[in-house]
Amino acid sequence: MRYLPVSLDTLDKKILILGGGYLAYSALKSVIDSEAEIYMIGDSFTKNIVNIAEKSDGKIKLKEHEVDKDFMFMGYDYVLIATEDFEVNEAIEKRASSRKMLYQRFDILSKSLMSINKSIERGPLTFSLNSSKINPTITDIIFEDLEKFSESYSIEKINILNEIRSELVRKNSQNIDEIIRRLYESETINLSTFLDKMPGYKIEDLKSSEDLIDSIENGKEIKTEKESTMEDDQIIKKNLDDAKNTSRDKYLDKSNLNLDSFKNLDKFEK
């Protein structure tokens with residue numbers, strides 16, 4: 001696999017599209033949903049490009065200027081090379097490559113350093129299709145199927161599971177992947193109820209999560225131990241007692257320790 005399907009950050013970025021014809025229009029469509037500012041430079045622009053730019057509230061900026069083999073450009077994060085002249089594209093590609101710029105050619109794949117996927121974003125999910133090796137008609141057919149497929153996932157369910165995972169990480173739980181899979185595949189568990197109840201209980205492993213799930217699904221008594229409700233000073237003293245019991249120094253005197261200093265370790269310089 002030549003191109004890894006990675007995601008590029010477009011927030012506060014600048015994308016330059018060189019060209020104003022059909023290829024440039026294809027390049028524009030591939031990045032129009034990004035959060036980048038888009039600059040297009042070409043000898044002239046097709047009506048569909050002009051119409052999109054006029055409705056973009058300033059996101060897309062057009063500038064009519066001759067783009068030839070000696071055209072100079074700098075200050076952009078990504079460059080999309082899409083003029084209708086093969087030799088011009090070749091010269092611009094060499095210039096972008098020599099400057100280590102991320103670029104893609106839209107006439108041929110060539111030595112492009114990136115390949116923009118056709119993508120669908122639904123909440124936290126992004127589905128993408130790399131269409132560089134497929135003809136446009138087949139790409140559209142597959143992409144329509146991908147759109148239908150993406151609608152089969154519940155974004156609300158995924159968001160709740162993300163929150164549950166964050167809580168499991170906070171609890172330093174084991175078997176997190178197995179717990180999330182168990183919750184995802186369950187057809188009876190109310191995820192919102194599980195999320196509401198879990199902060200009060202120790203979910204240390206798959207067994208304790210199963211106990212909580214059973215109590216919600218079947219109304220069984222919760223066997224899982226509740227989390228400690230001790231105050232900070234009590235927790236610190238307990239931790240010191242535990243440390244003393246496991247330490248070789250059986251004469252550890254904690255009476256002179258300043259417990260307050262343990263509450264905010266961030267104040268110590270690393």
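Residue indices begin at 1 and follow the sequence shown. Heavy-atom basis, side chains included; hydrogens, waters and symmetry copies ignored. Computed from a predicted structure; not experimentally measured.
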Identify whether the distance between the nearest side-chain nitrogen and carboxylate oxygen of [X] and [Y] falls below 4.0 Å.
{"X": "D211", "Y": "K207", "result": "yes"}
{"X": "E178", "Y": "R182", "result": "no"}
{"X": "K13", "Y": "E37", "result": "no"}

Around atom [atom1] of [X], are there more than 12 heavy atoms of other residues, nucleotides or ligands at under 6.0 Å?
{"X": "R99", "atom1": "CZ", "answer": "yes"}
{"X": "K69", "atom1": "NZ", "answer": "no"}
{"X": "E185", "atom1": "CD", "answer": "yes"}
{"X": "D12", "atom1": "CG", "answer": "no"}
{"X": "K14", "atom1": "NZ", "answer": "no"}

Please work out which of the three classes, parallel, tilted or perpendicular, describes the rings of Y76 and Y39, given edges at 30° and 60°.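 The rings of Y39 and Y76 stand perpendicular, inter-plane angle above 60°.
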Over 60° means perpendicular and under 30° means parallel, so classify the ring planes of F73 and F71, tilted if in between.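 Ring orientation, 0 to 90° scale: parallel.
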Between T46 and N48, does any side-chain donor sit less than 3.5 Å from a side-chain acceptor?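 There is such a pair between these side chains.
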Taking the six-membered ring of F143 (Phe, Tyr or Trp), confirm whether the NZ or CZ of K118 is under 6.0 Å from its centre and within 45° of its axis.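 Yes; both conditions hold, so K118 lies above the ring face of F143.
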Could you check whether K157 makes a cation-pi contact with Y184, meaning its NZ or CZ is under 6.0 Å from the centre of the six-membered ring and within 45° of the ring axis?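 Yes.
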Polar side-chain atom of [X] near backbone of [Y] as donor-acceptor pair, under 3.5 Å:
{"X": "K59", "Y": "I32", "value": "yes"}
{"X": "S97", "Y": "K94", "value": "no"}
{"X": "K202", "Y": "K171", "value": "no"}
{"X": "N117", "Y": "S119", "value": "no"}
{"X": "N175", "Y": "D205", "value": "no"}
{"X": "S30", "Y": "A27", "value": "yes"}
{"X": "S173", "Y": "V169", "value": "no"}
{"X": "Y78", "Y": "M114", "value": "no"}
{"X": "R122", "Y": "I155", "value": "no"}
{"X": "T126", "Y": "E121", "value": "no"}

Determine whether V50 and I15 fall in the same hydrophobic cluster, where Ile, Leu, Val, Met, Phe, Trp and Tyr are linked whenever their side-chain heavy atoms lie under 4.5 Å apart.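 Same cluster.
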Min side-chain heavy-atom separation L23-E84 under 4.5 Å: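 In contact.
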Quick check: do I179 and I213 have side-chain heavy atoms less than 4.5 Å from each other?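 Of all side-chain heavy-atom pairs linking I213 with I179, none is under 4.5 Å.
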Set out, in order, the CA-CA distance, both residues' side-chain angles and the distance that settles side chain to side chain contact (heavy atoms under 4.5 Å, CB included) for F106 and Y22, then state yes or no. CA-CA 10 Å; F106 277 75; Y22 172 76; over 6 Å; no
Quick one: pull up CD in E163 and CE in M198 and give me the separation to the nearest 0.5 Å.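 Here the rounded value is 10.5 Å.
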